[in-house]
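Quick caveat: nothing in here was measured; it's all calculated off a predicted structure. Residue numbering restarts at 1 for every chain, and letters A, B, ... go by the order of the sequence lines.
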Amino acid sequence: MNQEEPSTTESDSKDFIREIIDQDLASGKHSSIVTRFPPEPNGYLHIGHAKSICLNFGIAQEYEGRCHLRFDDTNPAKEDQEYVDSIKADVRWLGFDWNEHLHFSSDYFQQLYDWARHLIQAGNAYVDDLSVEEMRSYRGSLTEPGKNSPNRERSVEDNLALFEAMKNGDFDEGAKVLRARIDMAHPNLNMRDPVIYRILKKHHHRTGDQWCIYPNYDFTHGESDALENITHSLCTLEFENHRPLYEWFINNLPVPSQPRQIEFARLNLTYTVMSKRKLLQLVEEQLVSGWDDPRMPTLSGMRRRGYTPESIRHFCGRIGITKFNSTTDVALLEHSLRDHLNETSPRVMAVLDPIKVVITNYPEDQVEEMEAANHPGDESFGKRKVPFCRELYIERNDFMEDAPRKFFRMSVGREVRFRAAYFIKCEEVIKNEAGDVIELRCTYDPETRGGNNPPDGRKVKGTIHWVSARHAIDAQVRIYDRLFSVENPDGEEGSFTDYLNPDSLKTLSNCKLEPSLAEAGSGDRFQFERLGYFCRDSEDSEQLVFNRTVPLRDSWGKQQRK
RNA sequence: AGCCUCGUAGUGUAAUGGUAGCACAACAGAUUCUGAUUCUGUUUGUCAAGGUUCGAAUCCUUGCGAGGCUACCA
């Protein structure tokens, strides 16, 4: 299996963007390819951003071009250095490198200002005094044309002077804006004299108080692309209607290159919400513990949950790039995850809901170090010693009193294999007054040491995991499940928060782990045999806490649910 | 309602006028010291109607359906 190169292992077909790039290279339009990932530093990155990151940085790698990381920081009211730092960390964690090409739109404020003056001089922009409400009514509607602002015919000199006064702080916020002079009757609303500069008397996280006017997205993005010689500017579908504007600016300004905007569909996943606004709401209303809550689809949350960057990249490589608005089954993501974790995680034993087992024919003071393989399919993982003695713990649901025939685990009179140890037969159940099972009395067969079949050829259907009660270490384990209980929380009646899964987190505090886990480092990943993949929590370092990344596939449990 | 974009198994995608494939999911079975992994097999599809063509998922027309767009957000 090859996690890293889905495109070469699966087929030679390319998505429509790579086909355009091939054509541009073949026609000589470009001799090298430059892309960019342009986040606004106003929130944390999520799995949807990962799709864009993998696309942009992936293309740069495949075509031996380069990909810039550019912060689109034109709105000081919302942006912050904290987000810049987290975004950089997340992109690096995902496995990509922008080298020296770390850029900020704010680096271009002076150039953008000069280009705005260029537009004014050409009669292509004007200062407008209309209020927000007035401008809305002048804009027209989807079906009716707008009408010209009374300020649309101001002279170049007046506009230049007014724009400079805006820059100098002579007007209040909202008093005036600079607008492109295009066409108030254009069927595309974005072309009806869009605002390109507004007065914002706000401190900017990088330029401080140097500016009190800021260019907006439309006037910034394409020009920044042109300044950085971006060849293909890849963005999501909601910018489709902005493309004519993007091109209008490129065509009306003396820009150094001609980037091309291409749109693709953003990622949607079942059982999750992806909008920054909604994720922020979950954090602010404390419905989750923070941006890095392991249930969040943020990269920081997924990292803490135990996702590997490889699995995310692999997933992004398989979902494809199209213009069709679709929703990907989260099972596809989990498949990539399990696939990679299966290959890379050492196996250990952990009992999450313990029930005590006493091996009555095992010597009271004896302890054996059983040898267990760390990976059944890969000897390079080596072996470890696991202590075995008279008192053990097994999983409560690995025992059943009135077990059906197809139950291959423990029940009175039945024999199972304790992984890497012995065949164990359950002889007796001990209960408390309430009738709860509190202990199992069992016997072992010394001829099965190591878990091997005995000379008499006896076989056993089930193998279960266990830990030594005398040597086990205590830990808390957090069992995470999907955050929402419906496939499309956005599509239901009422608020998406009405559909939070009440069982998305179960905290188990009486878990017993094999002693080797005492040395687990922050973020280390393991397979707890027969249960799933877990990782040591990276935030909670006081106590031993493990997060369940994803359970193993469970055909028994599936059958039970039917 | 105007403009833009898009409709291929349950889901995500491929086929660029020439046998509708792949992955995930689901379902069966084999193997297994993890009811995992692995392996084998099965089910399920071109939005609709016309047209062009020897031949249409692909080109044309019409219809239907979905998404986006009326911030001094990005």
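Within 6.0 Å of NZ on A:Lys323 lie more than 12 heavy atoms contributed by other residues, nucleotides or ligands. The 12-atom threshold is exceeded at CD of A:Glu369, counting heavy atoms of other residues, nucleotides or ligands nearer than 6.0 Å. Enclosure of atom NZ in A:Lys425 is not indicated, since only 12 or fewer non-hydrogen atoms of other residues, nucleotides or ligands lie within 6.0 angstrom.
Spacing between B:A56 and B:U40 at atom P, rounded to whole Å, works out to 35 Å. Look at the C1' atom in both B:G55 and B:A15: the space between them is 16 Å, to the nearest Å. Nucleotides B:G21 and B:U44, compared at atom P, are 13 Å apart to the nearest Å. When the C1' atom is compared between B:A9 and B:U61, the two are found 28 Å apart, to the nearest whole Å. Separation of the P atoms belonging to B:C47 and B:U42 is 25 Å when rounded to the nearest angstrom. Rounded to a whole angstrom, the distance from the C1' atom of B:A57 to that of B:C3 is 27 Å. Here the separation of B:G51 from B:U43, taken at their P atoms, is 33 Å to the nearest Å. Comparing B:U37 with B:A26, their P atoms are spaced 10 Å from each other, to the whole Å.
Between A:Trp211 and A:Tyr113, the angle of the ring planes lies from 30° to 60°, which puts this pair in the tilted group.
Salt-bridge formation is detected for the pair A:Glu514/A:Arg384: a Lys NZ or Arg NE/NH1/NH2 atom is positioned less than 4.0 Å from an Asp or Glu carboxylate oxygen. By the 4.0 Å N-to-carboxylate-O rule, A:Glu238 lies close enough to A:Arg266 to be salt-bridged with it. Using a 4.0 Å cut-off between charged side-chain N and carboxylate O, A:Glu247 and A:Arg260 make no salt bridge. A salt bridge links A:Glu228 with A:Arg70: the closest approach of a Lys/Arg side-chain nitrogen to an acidic carboxylate oxygen falls below 4.0 angstrom.
When Watson-Crick and G-U wobble pairs are counted only if both distances are under 3.5 Å, B:U40 pairs with B:A28. Base pairing of B:G45 is not made with any nucleotide, judged by Watson-Crick or G-U wobble geometry with both donor-acceptor distances under 3.5 Å. Across all strands shown, B:C59 forms a Watson-Crick or G-U wobble pair, both distances under 3.5 Å, with B:G51. As the counterpart of B:C69, B:G2 is assigned, both hydrogen-bonding distances of the Watson-Crick or G-U wobble pattern falling under 3.5 Å. As the counterpart of B:C64, B:G7 is assigned, both hydrogen-bonding distances of the Watson-Crick or G-U wobble pattern falling under 3.5 Å.
Listed nucleotides: B:G67, B:A74, B:C27. Nearest to the side chain of A:Asn75: B:A74. Proximity note for A:Glu40 (side chain, C-beta onward) versus B:C69, B:A74, B:C3: the nearest is B:A74. For A:Val132, the listed nucleotide lying nearest its side chain is B:C72; candidates were B:G35, B:A74, B:C72. Distance from the side chain of A:Asn342 is smallest to B:U37 among B:U34, B:U70, B:U37. Set against B:U34, B:C69, B:C3, the side chain of A:Thr463 has B:U34 as its closest nucleotide. The side chain of A:Arg136 approaches B:A71 more closely than any other nucleotide in the set B:U5, B:G68, B:A71. For A:Leu189, taking side-chain heavy atoms from C-beta onward, the closest of the listed nucleotides B:G2, B:C27, B:A74 is B:G2. If you check B:G67, B:C69, B:A14 against the side chain of A:Ser13, the one that comes closest is B:A14. For A:Thr143, whose side chain is taken as the heavy atoms from C-beta onward, the closest listed nucleotide among B:A1, B:U70, B:C73 is B:A1. For A:Leu552, counting side-chain heavy atoms from C-beta on, the closest listed nucleotide (B:G12, B:U70, B:A36) is B:A36.
Projected onto RNA chain B by closest heavy-atom contact, A:Leu332 and A:Ile464 fall at different nucleotides, the more 5' of which corresponds to A:Leu332.
Neither OP1 nor OP2 of B:G68 sits under 4.0 Å from any side-chain N or O of A:Arg243. At B:C24, one or more side-chain N or O atoms of A:His335 fall inside 4.0 Å of OP1 or OP2 (strictly under the cut-off). Contact check, A:Arg553 against B:G35: no side-chain N or O comes under 4.0 Å of OP1 or OP2. Within the 4.0 Å cut-off from OP1 or OP2 of B:U13, not a single side-chain nitrogen or oxygen of A:Arg318 is found. Distances shown here put every side-chain N or O of A:Lys323 at or beyond 4.0 Å from the OP1 or OP2 atom of B:C4. Remark: A:Arg266 is not in phosphate contact with B:A74, judged by side-chain N or O atoms under 4.0 Å from OP1 or OP2. Within the structure, every side-chain polar atom (N or O) of A:Lys461 is placed at least 4.0 Å from both OP1 and OP2 of B:U32. One finds a side-chain N or O of A:Arg198 lying less than 4.0 angstrom from the OP1 or OP2 phosphate oxygen of B:C73. Between A:Ser326 and B:U13, a side-chain N or O to OP1/OP2 separation shorter than 4.0 Å is present.
Here A:Leu130 lies in heavy-atom contact (under 4.0 Å) with a base. Among the atoms of the strands shown, only primed sugar atoms or phosphate atoms (P, OP1, OP2) are found under 4.0 Å from some heavy atom of A:Val195. Among the atoms of the strands shown, none is found under 4.0 Å from any heavy atom of A:Gly377. If you check every strand for non-hydrogen atoms under 4.0 Å, A:Lys176 touches nothing. Counting non-hydrogen atoms under 4.0 angstrom, A:Thr327 reaches the backbone sugars and phosphates but no base. Among the protein residues, A:Thr322 comes within range of the sugar-phosphate backbone only, with heavy atoms under 4.0 Å from sugar or phosphate atoms but none that close to a base. Contacts of A:Arg409 with the nucleic acid, taken as non-hydrogen atoms under 4.0 Å apart, include base atoms. Across all strands shown, A:Leu237 has no heavy atoms under 4.0 Å from either base or sugar-phosphate atoms. A:Phe239 comes within 4.0 angstrom of a base, heavy atoms only. Among the heavy atoms of the strands lying under 4.0 Å from A:His242 is at least one base atom, whether or not backbone atoms are also near. Nucleic acid contact class of A:Arg417 (heavy atoms, under 4.0 Å, all strands): base. Nucleic acid contact class of A:Gln527 (heavy atoms, under 4.0 Å, all strands): base. Within the nucleic acid shown, A:Ser555 comes within 4.0 Å of sugar-phosphate atoms alone, with no base atom in reach, counting heavy atoms only. No contact: A:Arg338 has no heavy atom under 4.0 Å from any strand.
There is no side-chain donor-acceptor pair under 3.5 Å between A:Tyr271 and A:Asn488.
Following rounding to the nearest Å, A:Tyr217 (OH) and B:C72 (C1') show an atom-to-atom distance of 17 Å. In this structure, A:Arg530 atom CZ and B:A36 atom P are separated by 11 Å, rounded to whole Å. In this entry the distance linking CG of A:Asp128 with C1' of B:C72 reads 11 Å, nearest Å.
Residue ring and nucleobase are not stacked for A:Phe324 and B:G7 under a centre distance beneath 5.5 angstrom and an angle between planes beneath 30°. Stacking between A:Trp556 and B:G35 is shown: the ring centroid lies under 5.5 Å from the centre of the six-membered base ring, and the planes differ by under 30°.
A distance below 6.0 Å separates the ring centres of A:Phe109 and A:Tyr214.
Anti is the conformation of B:A30, whose glycosidic angle sits further than 90° from 0.
At a cut-off of 3.5 angstrom, counting only N and O atoms as typed in the model, there is a donor on one side and an acceptor on the other between the side-chain of A:Arg347 and the base of B:U34.
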